[in-house]
Amino acid sequence: MVITRNGLVLGATAVTLTTIAVTSLGIHSQGQALFKESPKELVDQVWQIVQRQYVDGTFNQLDWQAVRREYLSKSYTNKQQAYKSIREMLKKLDDPYTRFMDPEEFKNMQVDTSGELIGIGITISQDEKTKQLVVIAPIEDTPAFKAGILAKDKILKIDGKSTKGMDTNQAVSLIRGEPNTSVNLSIERNGQQKDFQIKRARIEIHPVKYSQKQTPAGNTGYIRLNQFSANAAKEMQSAIKDLESKKVAGYVLDMRGNPGGLLFASVDIARMFINSGTIVSTIPRQGEVEKEVANGRALTNKPLVVLVDKGSASASEILSGALQDNKRAVIVGTQTFGKGLVQSVRPLDDGSGLAVTIARYHTPSGRDIHKHGIDPDVKVDLTDAQKQQLWLRERDKLATLADPQFAKAVEVLGKEIAAKGTTRAEK
């Protein structure tokens, strides 16, 4: 889930551990008292927000006015009854990304952007067709990552409790907990069930890691971007400037397993590589396209290859799509996750919260990547066994020539550097 400076969210994923910044959107000072007097007011508040903002004016072929009459005709004596009705009401939209969060769930979602998190380190979503809970990606170097959880794993049980019919809010609440306590996840992968007992921890996340590498392509700048957190753009800027001072000939940007993060971070980072052109477009119900564009202040124009996989989601897909469509980079790896919806997240009067789908986002060329993802220019797939060997058992081989995807990226980068050198010579 990705919240922008304007309170917009991309990716539409329920968050177990994703850096999120929720801005104050005008909570009424008397909201608490109002809610205590009339839980029905909260039900109507949610209905009104969806009525004004939902991306589909037909409300997915639902008579939304009839829904209001149905739920406002009920009597509510406490907030739990109101919460239950709100969830039932939103479920009728058949949109897993438009969701209600009670005060505790909403508080959990408002993760501090300082880079220190508590949990096991995964982002989860709900498959729109099967309603099955699925892992978008484990965050690198977290307990879930080290335990061997992979992108696209289906979550069957949490501490023995079946996830059938469970929404993402419930799952997040069960997975979260105090440091040094454990949670058991039953996962389905390739038709087989696996059980993982994972100890929760206090997690410090560094979004950017980089190094200078001597490769067959020459002096190469390698940048690993784990997450689009609040300080990702600042760290990326420092990395590029340092690598430029070392006279690298080109870059490999590794976003494999990056589940996303803040939209403005992805836009800011795109501007460091793209000097002109569109970065991303959002399309709301009214059809008025809003574009984020480059600002003419790119930090480098050197050849760039980007590594992605099925765990690259949301903001990772925005950046990959921008670089691909502007012909600024060659994308290597596998098809990405496929999250192309935009949500608005706002607090409600009683301290609870609502995420409502308000738009889609498109890449610069107008591609809608929702449910499909970004197709790489050069496909290099890895088996699950190869992934576990590389990412868990032999981490020292990651981003070396023993890493098949990185090796291909270096090969492609070498050709890009040579082609650019030839072009300069011809001039």
Side-chain angles (χ1 to χ4, degrees), residues 1 9 12-16 20 22 24-54 59-60 62-111 118-119 124-126 131-133 155 157-178 181 183 343-357:
M1 184 177 288
V9 183
T13 60
V15 177
T16 303
I20 291 194
V22 178
S24 173
L25 298 177
I27 304 175
H28 301 304
S29 60
Q30 297 180 346
Q32 297 275 2
L34 176 66
F35 177 73
K36 287 176 182 176
E37 291 174 9
S38 176
K40 189 179 292 188
E41 293 284 348
L42 188 72
V43 177
D44 196 40
Q45 184 185 14
V46 169
W47 185 92
Q48 294 288 351
I49 292 170
V50 174
Q51 167 73 9
R52 290 192 302 268
Q53 298 186 351
Y54 194 69
F59 301 93
N60 298 334
L62 176 68
D63 187 342
W64 193 237
Q65 295 288 341
V67 170
R68 181 174 188 257
R69 290 192 294 272
E70 176 185 352
Y71 284 93
L72 291 187
S73 68
K74 296 183 178 182
S75 297
Y76 301 97
T77 58
N78 58 60
K79 64 181 182 180
Q80 295 306 323
Q81 291 177 354
Y83 293 169
K84 182 180 178 182
S85 280
I86 289 170
R87 289 195 168 101
E88 288 177 0
M89 185 170 68
L90 295 177
K91 195 170 184 179
K92 290 178 181 289
L93 286 169
D94 196 28
D95 174 4
Y97 311 120
T98 293
R99 61 194 186 95
F100 171 78
M101 293 159 278
D102 66 31
E104 184 64 25
E105 291 164 343
F106 190 51
K107 182 180 177 182
N108 285 340
M109 196 201 71
Q110 298 176 70
V111 180
I118 297 175
I124 64 174
S125 183
Q126 188 179 53
K131 308 304 179 185
Q132 176 68 59
L133 292 174
I155 304 175
K157 297 178 183 178
I158 303 171
D159 282 335
K161 184 175 182 178
S162 172
T163 61
K164 187 174 182 179
M166 185 182 292
D167 65 24
T168 49
N169 288 326
Q170 293 171 296
V172 168
S173 296
L174 291 173
I175 293 172
R176 283 186 182 277
E178 294 300 314
T181 61
V183 61
Q343 279 72 41
S344 174
V345 174
R346 60 167 293 165
L348 301 172
D349 285 343
D350 76 318
S352 57
L354 177 69
V356 56
T357 301

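Numbering of residues begins at 1 and proceeds along the displayed sequence.
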Is atom NZ of Lys91 surrounded by more than 12 heavy atoms (other residues, nucleotides or ligands) closer than 6.0 Å? no

Other residues, nucleotides and ligands only: do more than 12 of their heavy atoms fall within 6.0 Å of NZ on Lys131? yes

To the nearest 0.5 Å, atom OG of Ser162 lies from atom NZ of Lys157 at 7.0 Å

Any donor-acceptor N/O pair, Gln170 side chain to Met166 backbone, under 3.5 Å: no

Side chains of Thr98 and Tyr54, donor plus acceptor under 3.5 Å: no

Regarding Glu104 and Arg176, does a basic nitrogen lie under 4.0 Å from an acidic carboxylate oxygen? no

For Glu70, is there any backbone N or O sitting under 3.5 Å from a side-chain donor or acceptor partner on Ser73? yes

Would the distance check show the side chain of Thr163 and the main-chain N or O of Leu133 forming a donor-acceptor pair, the cut-off being under 3.5 Å? no

Measuring from Lys92:NZ to Tyr71:OH, what's the distance to the nearest 0.5 Å? 4.0 Å

Is the backbone of Lys74 close enough, under 3.5 Å, to the side chain of Lys40 for a donor and an acceptor to pair up by distance? yes

Distance in Å, Tyr76 OH paired with Ile86 CD1, rounded so as to fall on 0.5 Å steps: 8.0 Å

Please examine the side chains of Leu348 and Ile49, heavy atoms only from C-beta on, and report whether any two atoms are closer than 4.5 Å. yes

Kindly compute the distance separating CZ (Arg346) from OG (Ser352), expressed to the nearest 0.5 Å. 10.5 Å

Val50 and its side chain to side chain contact (heavy atoms under 4.5 Å, CB included) partner, picked from Asp95, Leu90, Val67: Leu90

Classify the angle between the aromatic ring planes of Trp47 and Trp64 as parallel (below 30°), tilted (30 to 60°) or perpendicular (above 60°). parallel

